[in-house]
Amino acid sequence: MMKKFLLVITISLFLFTHAKAQKVDTLSITLENVKYPYPIKYLPIHTEGQDIKMAYMDVAPARTANGRTVMLFHGKNFGGYYWTEVIRALSNNGFRVIVPDQIGFGKSSKPFIHYSFHQLASWNKKLLDTLGIQKTSILGHSMGGMLATRFALMYPDKTEKLLLENPIGLEDYKTFVPYVSTEQQYQTELKTTAESVRKYYQSSYFTLWKPEYESLVNVAAGVTFSADYPTWAKVAAMTFTMIYEQPVCYEFNNIKVPTVLFIGKEDKTIVGKGLLTPDQQAIHGQYRFLGKETAAKIPNAKIIEFDACGHIPHVEIQTEFLVALTGSL
């Protein structure tokens, strides 16, 4: 009888602790309770009849300033919080570092608007103009690489160097990924769970899973517990459509600025991967080939490849990536 009583108590404590942990892990869709490494400021924007705001970090050089700026564009499933070590390394090397959360992501507003890379690029130019920055190097990771490419095409005079870290959009996804409407994608986003996020990150982003990567899962999954998660999911679906419908891969030959690609060769990221058969997945998203093919399209581009590395070199092989990045700057 005592054993049964103790078992019941143990199970009850586990369930209570689990429920409490889940509540603690709940995040707002503007990530108010996610600690960013440096103070957050906001750029006010008026668009499509809405007043919204763009969150950003403006980090001064930690040592003697070299007079140069680097702007960091995050990927679709991330925000400024995952750039911590990159910001620190650049700041320690004398760079001013600007780190925006794009509209629709991170701590920025989540409006229902027409999302386009052209519009996002123009808001980033507005941020630079507001801060009095004439020229910047831009490091874009994943979706941020698509945005950085669009920015460099639109504003070559503002772009000192284009730095692409495992950018998506090296293929035109709509040529082989079946079409789904924004509404259909929204229904898919609503089904997101911590386990589905973890499984996707493990299979797509990293070559070897480590406990420290759980912090990335916690942010992506934490928002699913929010009462406002449907808004997050809707915006996620809208930006999925933006990526699908607005390829940049046909314009690489038009890039006029010095460009460096940083490619984790084990990356197999495909936007809409779950819509493909295993055979289709095997012939697309192969960055060991896509990196070289893309570098060949961009005039005078350089490529730095990393063995045994997946989609996020600045997290998975941090030291090696930072050496390559600072050397390229």
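The structure displayed is predicted, hence computed values, not measured ones. In this chain, residues are counted from 1 in sequence order.
By the criterion of side-chain heavy atoms lying less than 4.5 angstrom apart, applied directly or through intervening Ile, Leu, Val, Met, Phe, Trp or Tyr residues, Ile255 is grouped together with Leu164 in one hydrophobic cluster. In terms of hydrophobic clustering, with Ile, Leu, Val, Met, Phe, Trp and Tyr side chains grouped at heavy-atom distances under 4.5 Å, Tyr38 and Met71 are assigned to different clusters. Val271 and Phe176 end up in the same hydrophobic cluster when Ile, Leu, Val, Met, Phe, Trp and Tyr side chains are linked at under 4.5 Å.
Residues Tyr205 and Val315 form no side-chain contact, since every pair of their non-hydrogen atoms from C-beta on lies 4.5 Å or further apart. Side-chain contact between Met54 and Pro100 is present, with at least one heavy-atom pair separated by less than 4.5 Å. In this structure, the side chains of Ile98 and Val70 stay at 4.5 Å or more apart for every pair of heavy atoms. Using a 4.5 Å heavy-atom cutoff, the side chains of Ile138 and Phe73 are in contact. Contact of the Arg150 side chain with the His118 side chain is registered, since non-hydrogen atoms from C-beta on lie closer than 4.5 Å. Side-chain atoms of Lys268 and Gln281, non-hydrogen and from C-beta on, never get closer than 4.5 Å to each other. Taking the side chain as every heavy atom from C-beta outward, Ile103 and Pro111 approach each other to under 4.5 Å. Put simply, the side chain of Met242 reaches to within 4.5 Å of the side chain of Met143, judged on heavy atoms.
Side-chain atoms of Asn124 and Gln102 form a donor-acceptor pair, as typed in the model, at a separation below 3.5 Å. Using a 3.5 Å distance cut-off with no hydrogens or angles, the side chains of His114 and Glu48 do not pair a donor with an acceptor. Using modelled atom types and a 3.5 Å distance limit, the side chains of His141 and Tyr82 yield a donor-acceptor pair. Using modelled atom types, one finds a donor on one side chain and an acceptor on the other under 3.5 Å when comparing Glu316 with Thr207. Counting only N and O atoms by type, the side chains of Asp279 and Thr277 include no donor and acceptor under 3.5 Å apart. Defined by atom type and a distance below 3.5 Å, a donor-acceptor pair is missing between the side-chain atoms of His311 and Asn166. If you check the side chains of Gln185 and Thr182, you find no donor sitting under 3.5 Å from an acceptor. A donor-acceptor pair shorter than 3.5 Å can be found between the side chains of Tyr250 and Asp172. Donor-acceptor pairing under 3.5 Å is lacking for the side chains of Glu183 and Ser181.
The closest donor-acceptor contact from the side chain of Ser137 to the backbone of Glu160 lies at 3.5 Å or more, if one exists at all. Between the side chain of Ser91 and the main chain of Ala62, a donor-acceptor pair closer than 3.5 Å is present. Side-chain N or O atoms of Ser203 include one that pairs as donor or acceptor with a backbone N or O of Lys199 at under 3.5 Å. For the pair Ser204 (side chain) and Tyr201 (backbone), a donor-acceptor distance under 3.5 Å is absent. Remark: side-chain polar atoms of Gln50 are paired, donor with acceptor, to backbone N or O of Phe112 under 3.5 angstrom. Here the side chain of Thr224 pairs no donor or acceptor atom with the backbone of Ala220 at under 3.5 angstrom. Put simply, the side chain of Thr130 gets close to the backbone of Lys126: a donor and an acceptor are under 3.5 Å apart.
The aromatic rings of Phe321 and Phe262 sit perpendicular, their planes meeting at an angle over 60°, well past the 30° parallel limit.
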Stepwise salt bridge (charged side-chain N to carboxylate O under 4.0 Å, His left out) check, Glu32 with Lys107: CA-CA 7 Å; Glu32 280 93 349; Lys107 290 182 179 289; over 6 Å; no
Evaluation steps, ring-ring contact (aromatic ring centres under 6.0 Å, His included), between Tyr213 and Phe206: CA-CA 9 Å; Tyr213 302 155; Phe206 298 99; 3.8 Å; yes
Stepwise ring-ring contact (aromatic ring centres under 6.0 Å, His included) check, Tyr36 with Tyr56: CA-CA 10 Å; Tyr36 276 42; Tyr56 67 95; over 10 Å; no
Phe151 vs Phe117, ring-ring contact (aromatic ring centres under 6.0 Å, His included): CA-CA, chis, key distance, verdict: CA-CA 8 Å; Phe151 185 97; Phe117 286 117; over 10 Å; no
Criterion side chain to side chain contact (heavy atoms under 4.5 Å, CB included) on Val248 and Leu147, from CA distance to verdict: CA-CA 9 Å; Val248 296; Leu147 175 56; over 6 Å; no
Verdict with supporting geometry, Arg288 and Asp267, salt bridge (charged side-chain N to carboxylate O under 4.0 Å, His left out): CA-CA 8 Å; Arg288 61 177 58 248; Asp267 191 1; over 6 Å; no
Residues Lys234, Glu189; criterion salt bridge (charged side-chain N to carboxylate O under 4.0 Å, His left out); working and verdict: CA-CA 8 Å; Lys234 187 73 169 181; Glu189 298 285 352; over 6 Å; no
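A salt bridge is absent between Asp157 and Lys135; no separation between the charged side-chain nitrogens and carboxylate oxygens falls under 4.0 Å.
Closest of all the heavy-atom pairs between Thr269 and Tyr287 is O-CE1, 3.7 Å. Across Leu322 and Glu85, no two heavy atoms sit closer than the pair CD1-O, 4.0 Å. Residues Tyr115 and Lys110 come closest through the heavy atom pair OH-C, 4.2 Å. Closest approach of Thr159 and Ala152 over heavy atoms only: OG1-CA, 3.7 Å. In this structure, Val99 and Gly80 approach most closely via the heavy-atom pair CG1-CA, 4.0 Å. For the residue pair Leu261 and Gly291, the shortest heavy atom distance occurs at CD2-O, 4.3 Å.
Partners of Pro278 by side chain to side chain contact (heavy atoms under 4.5 Å, CB included), not counting sequence neighbours: none found. In this structure Phe105 satisfies the ring-ring contact (aromatic ring centres under 6.0 Å, His included) test together with His74, sequence neighbours excluded.
Relative to the six-membered ring of Phe240, Lys76 misses at least one condition, a distance below 6.0 Å or an angle of at most 45° to the axis. A cation-pi geometry, defined here as NZ or CZ lying under 6.0 Å from the six-membered ring centre and within 45° of its normal, holds between Lys53 and Tyr42. Geometrically, Lys125 engages Tyr155 in a cation-pi contact defined by less than 6.0 Å to the ring centre and at most 45° from the axis.
With Val219 as reference, Leu27 is the one residue of Val197, Asn77, Leu27 to meet the side chain to side chain contact (heavy atoms under 4.5 Å, CB included) rule. Applying side chain to side chain donor-acceptor pair (under 3.5 Å) to Arg96 and the options Thr136, Thr69, Asp58 leaves one that passes, Asp58.
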